[in-house]
**Student:** 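Starting off with a structure, shown below.
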Amino acid sequence: MKRYNPSEIEPKWQKIWEEGESFAAQDNSTKPKKYVAGQFPYPSGAGLHAGHTRVYSIVDATARFYRQNGYEVLNPMGWDTFGMPAENYAIKTGISPQAATKTNIANFKHQFKRLGVSIDWDREINTSHPEYYKWTQWIFAQLYKKGLAYRAENYQWWCPIDKTVLANEQVENGKCWRCGSEVEKKKMRQWFFRITKYAEELLAGLDDLDWPEGVKAAQRNWIGKSTGAEIDFEVEDYPHFIDKRNPLRSDKPFTKRKIIQAFVHDPKTNKYLFVKWKKFPWTSCVIGGIEGDEDAVAVARREILEETGYKNLKFERVLGKLRSEFYAANKEVNRDTDATQVLFTLENDERAKVSAEEDAIQEPVWLDRSECQYDDMPNYDETMLAFERIDGKRPTHKITTFTTRPDTMFGITFLVLAPEHPMVGKITTEEYAREVEKYRAATLKKSDIERQENKEKTGVFTGAYVINPANGERVPVWAGDFVIAGYGTGAILATPAHDERDWEFAVKFNLPIKVVLNPTSIDSKDLSQEIQKMTNGDEFNHAFHDEGVMVNSGEFSGLSSPEMREKVVKWLAQRGAARFKTTYKMRDWLISRQRYWGAPIPIAYDKDGNEHLIPDDQLPVILPKIDDYKPDDSGRSALAKSPEFTKVIIDGIEMTRETDTMDGFACSSWYLLRYADPRNGQHAWDPKKVNFWNPVDYYVGGEHSTTHMLYVRMWTMFFRELGLTDFSEPITKFMKNGQILAADGTKMSKSKGNTIDPLEVIDSGYGADALRTYILFMVPPDMDAAWSLQGLGGVHRFLGRVWNLVQEYVELSDASRFGPPTSCSVSEAGRNGEKERDNDGLNRIIHKTIKKVTNDMRRSSFNTAIAALMECTNELYKLKENGFNDEWRKALSDMMLLLAPFAPHMAAELFEQLGNKEMVEQATYPTWDEKYLVSDVMTIAVQVNGKLRATITVPVDADRAEIEKTALAHENAAKFIGGKKPKKIIYVPGKIVNVVI
RNA sequence: GGGCGAGUGGCGGAAUUGGUAUACGCGGCGGACUUAAAAUCCGCUGGUUUUACGACCUUGUGGGUUCAAGUCCCACCUCGCCCACCA
């Protein structure tokens, strides 16, 4: 008897498959299609690892299963070849990425073939081949034409020593991975794809996908939708000017002076109250000095009365502030004034007597809006600023914040801007300018990791204030790096009593905490006390951020927080100060890389720096072979050093090419479509072929595919808009494969030396079949699993048993040495009810297994399917003690068909040895017949009060009464029933009798 | 902090719809074959208890629903993974 020797049969069948092109997918098939694919690999120099083996064992078992089940199956393979490793290798060794890639692909392909995977190699693609990236560039052009590819400024990591841009993962503790020097963030022009346009569609589409919930959740989280409101805060204006007619004199001392500027509006005439100076050709509003902490409004009221006699005034609001510097000749000082502007309405024109002194120098006048210019203020624009406020027009300076909790509006005690926020530079007062600038610079240097690790809040006061539009309160504005520039508006309103982060910030910088929300269970006084304790740092150290009832919120007090959210935004919206807003965490996709080894971006610039698409007939923009792959001093890729590359003529005009290349994710965002039509030289694909094969029915990939799969989805949505596909979701079912861990349960890594080399496993005598079957058997496909050599041995032993069983049968059958036929088939013996053994007859075993394996394959439960085949083998071993007969040939053949998706070489070999002319991978998958599964008896569990007390065997056609009678009569059951009358008897047909007493 | 998932023998795991928990494999023990070993084959293998039949306990912990719970509900504990100052 021949021993199982995979090293003999595996090469034999691999050769047959290759020569017969057994797995070529037919475009014009009339069969239903199944498109099965694993995420294509990056062919590294190290060759296949255990993870690859896992992915493609899952893919191949599924592909083979559907192929045997009458589907036209597309199971392609390609290479994701662009990327940093090849480029770094080239910089180090001088071996071109093209050459290294070629070698690696050849090695990967060879290794895949040794696994015996059923791939249609005619459809092989390679993203770094011009035939492929021509179309990647073409797709870029389509996106560009629709405004979905654009250039914008963006902060990038920059190493000043290497003079190169670094990716996030190349920055280690704020230092360059290569030279160890401190890196900084630099503003650079970068290319983006506008994926945010699809945010809502990407989110909504998830609901209908047959993907693992965890993967869907990760995408939802990545998209990060949140609904809230944008709220505008007027900056308390404080424009500064120097009186040009009265310039400062450097030899004179400075004095500070606080003043008010009082405006009175008469609604009847729509005029404004001013005073005209009698001795000078000046007209101005009422002006007066403030002493100490005096109330500006009271001062204004008094000054108006003193200077003009008007006394019935209604206070409207404080408008803001103006600051000026000038030389006051009469006092011989440089004066720095800080003017608070206050507006009143005239209720009636009753006047008091003005003092003789005042009367002598000035008289009141009523002016139209257009006439209102202060003669003593030289800068007309600054003057107008104050009047724009009088007119109720929009303020010139505002800060827009995003919040999900507008209900806490009345609890705002400060604002925080991201340090990078453009308003920071504009609003910061001179006094704080140095500190703010220092902080800003320090923040830009911090790596993201540092920002993450150091959770301690940092920030600086800008010196500026804004007005809370809900209650008119003055609110200080801070800059802090816990606010992220790219999210929302890069500015937040802080309600420390009701937000953890604001809380921390307030505590650290000793800012006020104002409670405006109570849990319903505690009345308002209680919570204030709690908060008081919190601020004292006692028992409580956190904010209350749940829903509740509003307090201290003006007319909104008493509303529930969700109710308030709606109402306060609507209320503010009437004044143009707020609007409902949905934001997404997801940013546009940055695709430009200052790297050589990628698909060149098909853009050129004219003399004036205008962008021009490379025309279609000049595609592809070929990546030229160069000698030195190092990026040059400009921080651009090595391509910039090639004048032949950079120079291009478009429509007769000489231009300079873009030297950035595209992110590898761009290349992998459409490869699943290219497989449907991989050799098309005229188009990216023929929609007819793509609409036949795609979307992918079964896609296998690792957990790091969240972004990859978002990008694939976005592109597909775009293609659908262009009419290039009929569908907008590219992947119908996704299987997230788990990792293979080392035997000690830790991650495999070269440095630890605990990796498993699949080729070594094959060569050491186990063979590809045992390797594949073991990998699928160890755990369900989506679970992590630790490698076990003993486990592999067990599966190898199982395959050996299958082999020996078939050998035994074949040898006996060839020699025609079967004894007289034994009645081991239910089809004959079972029906006649001759022998009890017939319940375990050949057909029953096989059909039971067919059913189990088929159903398990449909739900990708490979481990249990293989377990069923092991069980089947064990049972056949017992059965063969009674001798073989002719029925075994069919039974064993069927078993080979079930085994083929896992151990295709052995199945093919044994299927052939069993005398089948067909190839196992083309032969029809067996179906089960229920008639073999029904036995003439069944086993019923007997429970008393829910506890198992006995099992009884009854004829299948026994009726309920009979079964209950048998159950009650059972010795052990009767013991527990103890002669009592059952209250109730539950009978679950074919399974259980439960006697309740 | 947020999200997702998982806790079942000595180990990996099975139990698909609430219906005989521990399939299958590993490991362990015993046996057959062998001069011997390997390989192969056969049997036993959750715990406590019992001569035995059996009984009692057991799916992270504590409650609940139900004739019946690994499975459903509530609370808690532990672990893993992903995202993470996202307002």
Side-chain angles (χ1 to χ4, degrees), chain A residues 3 212-218 220-222 224-226 228 401-405 408 416 451-452 454-457 480-484 486-495 499-502 504-505 542 545 583-587 703-704 706 738-739 745 774 777-780 782-795 797-798 800-801 804 852 855-856 858-859 861 863-874 877-878 881 939-951 971-972 975-976 982-997:
Chain A
R3 268 191 72 184
E213 280 309 313
V215 175
K216 291 207 239 180
R220 283 191 194 104
N221 187 43
W222 186 273
K225 180 179 182 171
S226 60
T401 60
F402 174 73
T403 181
T404 54
R405 295 298 299 267
T408 59
V416 187
R451 275 206 195 186
Q452 268 174 41
N454 185 14
K455 297 261 173 110
E456 180 86 357
K457 295 275 179 296
D481 73 355
F482 79 97
V483 178
I484 295 158
Y487 180 74
T489 60
I492 63 153
L493 48 82
T495 53
D499 182 284
E500 259 350 298
R501 294 150 303 186
D502 300 347
E504 276 175 44
F505 198 84
H542 58 86
H545 55 250
T583 358
Y584 301 89
K585 263 194 252 181
M586 184 169 65
R587 318 287 153 81
E703 62 194 339
H704 296 297
T706 305
Q739 289 186 28
Y774 169 59
F777 176 67
M778 52 203 308
V779 290
D782 56 342
M783 213 179 266
D784 289 353
W787 182 262
S788 155
L789 195 59
Q790 284 161 333
L792 174 68
V795 169
R797 201 169 306 141
F798 154 66
R801 278 163 70 80
N804 291 339
K852 172 77 178 149
N855 286 330
D856 284 352
R858 285 177 183 157
R859 61 188 182 106
S861 183
N863 56 329
T864 53
I866 294 164
L869 286 165
M870 290 174 168
E871 216 172 329
C872 174
T873 307
N874 294 344
Y877 261 71
K878 281 187 195 124
E881 295 302 311
T939 310
I940 306 281
V942 180
Q943 296 181 342
V944 179
N945 281 342
K947 289 205 169 197
L948 183 70
R949 295 302 176 192
T951 54
E971 190 191 354
N972 201 46
K975 197 171 108 193
F976 283 88
K983 273 188 209 147
K984 202 185 214 184
I985 297 175
I986 285 137
Y987 174 57
V988 182
K991 288 193 168 144
I992 265 179
V993 173
N994 189 6
V995 182
V996 187
I997 53 165

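Below, each value reflects all heavy atoms present in this structure, side chains not excepted, and no hydrogens, waters or symmetry copies. These numbers come from a predicted model, not from an experiment. Proteins get letters first, then strands, A, B, ... in listed order; numbering begins at 1 in each.
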**Student:** At under 4.0 Å between heavy atoms, which parts of nucleotides 7-17 of chain B does protein reach? Answer with one letter per nucleotide, 5' to 3': B base, S sugar-phosphate only, - none.
**Tutor:** -----BSSSB-
**Student:** Just the atom pairs and distances: protein N or O near nucleotides 2-5 of chain B's N or O, under 3.5 Å.
**Tutor:**
none

**Student:** When you check every protein heavy atom under 4.0 Å of nucleotides 54-60 of chain B, what one-letter string (B, S, -) results, 5' to 3'?
**Tutor:** SSSS---
**Student:** Quick one: list whatever passes side chain to side chain donor-acceptor pair (under 3.5 Å) with A:Asn874, sequence neighbours left out.
**Tutor:** A:Arg801
**Student:** Please convert RNA chain B into dot-bracket. A pair counts if it is Watson-Crick or G-U wobble with both distances under 3.5 Å; crossing pairs go in [ ] and bases paired with another strand get |.
**Tutor:** (((((((..(((......[....)))((((((.......))))))((((....))))..(((((..]....))))))))))))....
**Student:** Using the test side chain to side chain contact (heavy atoms under 4.5 Å, CB included), find all partners of A:Glu213 that sit at least two apart in sequence or belong to another chain.
**Tutor:**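 Partners of A:Glu213 by the side chain to side chain contact (heavy atoms under 4.5 Å, CB included) criterion, ordered by chain and then number, come out as A:Lys216, A:Arg220.
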**Student:** Please name all residues satisfying side chain to side chain donor-acceptor pair (under 3.5 Å) with A:Thr706, sequence neighbours left out, ordered by chain then number.
**Tutor:**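 Expected list: none.
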**Student:** Pairs under 3.5 angstrom, nitrogen or oxygen only, protein versus nucleotides 65-68 of chain B, please.
**Tutor:**
{"from": "B:rC67", "atom 1": "O2'", "to": "A:Asn994", "atom 2": "ND2", "distance (Å)": "3.2"}
{"from": "B:rC67", "atom 1": "O2", "to": "A:Asn994", "atom 2": "ND2", "distance (Å)": "2.7"}

**Student:** Report all side-chain donor-acceptor pairs from residues 987-996 of chain A shorter than 3.5 Å, counting only partners two or more places apart or in another chain.
**Tutor:**
{"from": "A:Tyr987", "atom 1": "OH", "to": "A:Gly990", "atom 2": "N", "distance (Å)": "3.2"}
{"from": "A:Asn994", "atom 1": "OD1", "to": "A:Gly946", "atom 2": "N", "distance (Å)": "3.0"}

**Student:** I'd like to check the side chain to side chain donor-acceptor pair (under 3.5 Å) partners of A:Ser226; sequence neighbours left out, ordered by chain and number.
**Tutor:** A:Tyr487
**Student:** For A:Glu871, which residues count as a side chain to side chain donor-acceptor pair (under 3.5 Å) partner, sequence neighbours excluded?
**Tutor:** none
**Student:** What string of B, S and - do you get for nucleotides 36-43 of chain B, 5' to 3', if B is base contact, S is sugar-phosphate-only contact and - is no contact with any protein heavy atom under 4.0 Å?
**Tutor:** ----SSSS
